[in-house]
Amino acid sequence: GDHRDLHRLIRRQRQMCIRDSNNTINDRKLKEEALRNYLSGSGLAAKLLYDELQPHLSPLHPDSPLLFFSGLLTGTFIPTASKLSVCAKSPLTGIWNEATVGGKWGAELKFCGYEGIIIIGKAEKPVYLYITPKEIKIKDAQEVWGQDTYHTSQYLKEKHDSEIKIASIGQAGENLVNISSIVIDAPHYRLAGRGGLGAVMGSKKLKAIVVKGNLKPSVKNPLTLKEILKADHQNIRNYTKGLHQLGTAGSVEVREYTGDLPIKNFARSRWQEASKITGQVIIDTLFKKHYACFACPIACGKEVKIKTPPFVVHSPEYETVAAFGSLCLNDNLDSIVEANDLCNRYGIDTISFGISVAFAMEAHEKGFLNQKDFEGINLEWGNSRAIIKLIHQVAKNEGPGRLLGQGVRLFSKKVGKNSEEFAIHAKGLELPLHDPRAYTGMALSYATANRGGCHLESLSYAIESGIPLEDLGYGEDNKLDPHTSNGKAELVIKLQNYMNVFNALGLCKFLLFGRIGPTKVVEWLNQVTGWNLTPAELLTIGERLHNLKRMYNVRLGINRKDDILPPRLLHLARNDGMAAGVLPELDKMLEEYYRLRGWDENGIPRKEKLKQLNLN
């Protein structure tokens with residue numbers, strides 16, 4: 001009976017739609033074995049992309065595939081089961097990329113009866129996809145080509161239905177900007193932000209994907225699951241009250257205090273003006289209302305009021321506040337909100353953009369760039385209007401925007417003069433706004449993350465800051481010193497394996513702050529699928545996925561030489577604050593990490609390890 005129920009679930013729900021240059025659409029059925037081995041989301045996408053990888057192809061070549069895959073649990077009533085992974089070879093880094101995003105689009109794709117979409121080829125003219133349970137159509141998008149994501153959303157909702165869910169690109173993606181993003185659910189903006197996948201979508205002349213469905217994913221034991229979730233929802237809410245009340249930007253001041261907040265392109269130690277741009281100020285002065293992604297009990301999203309149309313916009317997240325604020329010494333909160341809204345409309349990654357602007361400001365300060373190089377734009381620290389002007393130019397891929405839009409790695413190569421020492425990236429992906437000198441495990445996490453500089457591949461700073469996760473051995477009595485290298489390799493490996501599972505299941509990583517460990521996640525998974533996985537088996541799937549993505553990168557030439565960080569973060573210690581004098585011992589941590597991973601000294605997974613993980 002269990003097998004028949006699972007077979008029906010797979011037959012109904014686990015499909016992929018394939019689109020190519022011949023305007024053909026095909027369904028491909030998925031086998032249970034594939035789901036058990038890779039789950040879905042970025043897990044199954046990694047398997048498919050690895051199998052189809054042609055290393056010589058540019059990410060923007062028509063034959064390079066672009067995958068949209070919802071998590072295995074996305075669309076169910078599991079807490080935070082909203083996530084979608086967009087996966088491809090990155091035009092920014094040239095390696096593996098997964099951009100995971102919340103909102104409601106991923107669940108709506110499931111309601112159409114599809115697990116994911118594989119897009120291959122290039123349309124002759126701008127198009128969008130329209131997907132329902134009954135039909136998939138390729139429609140003319142010339143009316144919205146050249147429009148921002150806000151106006152694109154308005155147009156498509158007026159044409160079809162106000163309840164449709166839309167994934168679209170703005171002008172940055174159309175203009176093939178390396179740091180462009182895919183925008184979900186405008187104007188309740190959520191972005192598949194990192195790695196330039198907006199440009200991949202733009203290269204295929206695909207403006208948007210519209211989904212509208214009514215097929216609810218099957219749940220094996222719904223009554224039992226609902227009973228279990230009563231207490232789980234309350235516990236998650238209790239532990240994440242701060243995220244709900246203030247949003248992610250609520251942590252700005254405490255991160256300045258702990259040394260986690262990057263200041264002046266990671267060169268300065270303290271910044272009193274942090275108190276002017278924190279989430280508390282946003283709530284006190286600009287707040288309109290809270291909102292949540294699909295099935296989320298946390299509701300960290302915020303709407304804020306501005307003085308110009310549309311008058312209500314998405315509030316900037318922590319990463320954006322830090323990128324446009326402390327990183328550039330800009331304490332003008334109104335300008336940060338305006339810049340965030342522009343990036344959402346144009347489809348620009350705020351992390352990559354902020355790092356690139358801070359690099360430009362420092363290069364100008366050192367005399368490597370002048371105002372003539374930037375067409376008269378004043379690159380002095382804290383110039384909020386310069387940030388706004390540069391957003392417009394990046395979106396249009398013109399003037400100085402051509403430099404910034406390439407990403408900081410290529411930008412620094414053009415500037416030269418040893419500027420790569422303060423170009424803050426790993427493997428070409430600009431680092432998020434968490435300083436690895438405050439939490440040294442983040443240095444190892446950034447260096448070994450499969451998509452490059454990414455905090456979400458481990459979130460080790462959460463455990464290093466004292467949040468307990470008993471399942472993985474980090475309880476109240478076993479806290480780690482955030483400033484040493486001891487035990488960090490083991491921590492990062494455990495969390496990378498666990499976070500790989502989150503992306504494959506479609507769960508939000510803020511559940512980590514809600515103290516949800518693998519024991520609870522596997523309980524939810526088993527109630528949905530009827531499987532009988534153990535927590536250890538779940539983490540083995542995560543290990544398989546991390547190794548699979550590493551092997552994708554190995555085929556593209558990645559090895560130990562690439563598992564590095566910018567010199568500034570390894571050799572320039574902060575001189576004040578809680579993290580004063582701390583420098584990560586990256587080489588020491590890497591050696592232990594490779595040994596524990598079962599990789600060789602060059603960072604390549606050994607054959608024995610691949611065989612053990614059924615990847616041989």
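The residues D349 and R194 are annotated as salt-bridged, a charged nitrogen and a carboxylate oxygen being separated by less than 4.0 angstrom. R270 has a carboxylate O that lies under 4.0 Å from a charged side-chain N of E256, or vice versa, which qualifies the two as a salt bridge. Ion pairing of K588 with E591 is absent here, as no side-chain N (NZ or NE/NH1/NH2) approaches a carboxylate O to less than 4.0 Å. Ion pairing between D260 and R437 fails under the 4.0 Å rule for side-chain N and carboxylate O. Between K427 and D563, at least one side-chain N (NZ, or NE/NH1/NH2) sits under 4.0 Å from a carboxylate O, which counts as a salt bridge. Comment: E420 does not engage R568 in a salt bridge, judged by the lack of any side-chain N to carboxylate O separation of less than 4.0 angstrom. Taking a cutoff of 4.0 Å between a charged side-chain nitrogen and a carboxylate oxygen, R402 and E398 do not qualify as a salt bridge. Salt-bridge annotation for E317 and K302: absent, with no side-chain N of the basic residue lying under 4.0 Å from a carboxylate O of the acidic one. A salt bridge links D331 with K276: at least one charged nitrogen is closer than 4.0 Å to a carboxylate oxygen. Ionic pairing of R385 and E338 is present here: one or more N-O contacts between side-chain nitrogen and carboxylate oxygen are shorter than 4.0 angstrom. Note on E362 versus K366: salt bridge recorded, some NZ/NE/NH1/NH2 to OD/OE distance being below 4.0 Å.
Donor-acceptor pairing under 3.5 Å is lacking for the side chains of E585 and T440. For the 3.5 Å distance criterion, the side chains of N330 and S335 qualify, holding a donor opposite an acceptor. With 3.5 Å as the limit, one finds no donor-acceptor pair spanning the side chains of Y346 and E174. Q280 and D284 share a side-chain donor-acceptor pair at under 3.5 Å.
Ring-plane geometry between H290 and F287 is classed as tilted, the angle between the planes lying from 30 to 60 degrees on a 0 to 90 degree scale. Taking the six-membered ring where tryptophan is involved, the planes of Y318 and H434 are tilted, since the angle between them lies from 30° to 60°.
Tested against K549 for a side-chain hydrogen bond (donor to acceptor under 3.5 Å, both in side chains), the candidates N450, N97, N500 yield a single pass: N500. With L84 as the fixed residue, the side-chain contact (heavy atoms from CB on, under 4.5 Å) test singles out one of I184, N503, T100: I184. For the side-chain contact (heavy atoms from CB on, under 4.5 Å) criterion with P584, the lone passing option out of M442, M589, K488 is M589.
Aromatic rings of H455 and Y446 (six-membered ring for Trp) have centroids beyond the 6.0 Å cut-off, not under it. Aromatic pair H188/H314: centroids not less than 6.0 angstrom apart. Proximity of the aromatic rings of F324 and F353 is defined here by a centroid distance below 6.0 angstrom, and this criterion is met. A distance below 6.0 Å separates the ring centres of F411 and F359.
Proximity of Q406 to K414: side-chain heavy atoms (C-beta onward) are separated by under 4.5 Å at one or more points. Contact check for N178 versus L410: side-chain heavy atoms found under the 4.5 Å cut-off. V200 is listed as a side-chain neighbour of L60, based on a closest heavy-atom distance under 4.5 Å. Counting only heavy atoms from C-beta outward, the side chains of W96 and K89 never approach each other to under 4.5 Å.
Remark: E380 CD is loosely packed, at most 12 non-hydrogen atoms of other residues, nucleotides or ligands lying under 6.0 Å away. The neighbour count for K509 NZ, taken as heavy atoms of other residues, nucleotides or ligands under 6.0 Å away, is above 12. Atom NZ of K241 has 12 or fewer heavy atoms from other residues, nucleotides or ligands within 6.0 Å. At most 12 heavy atoms of other shown residues, nucleotides or ligands fall within 6.0 angstrom of atom OH in Y239.
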Would T448 and Q496 count as a side-chain hydrogen bond (donor to acceptor under 3.5 Å, both in side chains) here? Give the steps. CA-CA 10 Å; T448 59; Q496 283 177 338; 3.0 Å; yes
So N265 and I424, side-chain contact (heavy atoms from CB on, under 4.5 Å) or not? Walk me through it. CA-CA 8 Å; N265 200 28; I424 309 300; 3.5 Å; yes
Walk me through whether D576 and R268 qualify under salt bridge (charged side-chain N to carboxylate O under 4.0 Å, His left out). CA-CA 9 Å; D576 193 10; R268 188 164 151 183; over 6 Å; no
side-chain contact (heavy atoms from CB on, under 4.5 Å) evaluation trace for Y474 with I467: CA-CA 8 Å; Y474 302 103; I467 293 174; over 6 Å; no
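A donor-acceptor pair under 3.5 Å is formed between the side chain of N478 and the backbone N or O of G473. Checked by atom type and distance alone, the side chain of S269 pairs as donor or acceptor with a backbone atom of N575 at under 3.5 Å. At distances below 3.5 Å, not a single donor-acceptor pair connects side-chain atoms of R237 with backbone N or O atoms of I298. Although no hydrogens or angles enter the test, the distance criterion places no donor-acceptor pair under 3.5 Å between the side chain of S326 and the main chain of L329.
One finds the SG atom of C508 at 8.5 Å from the CG atom of L243 (value rounded to the nearest 0.5 Å). Residue T350 holds its OG1 atom at 7.5 Å from CG of N344, rounded to the nearest 0.5 Å.
In this structure, R345 forms a cation-pi arrangement with Y150, its terminal cationic atom sitting closer than 6.0 Å to the ring centre and no more than 45° off the ring axis.
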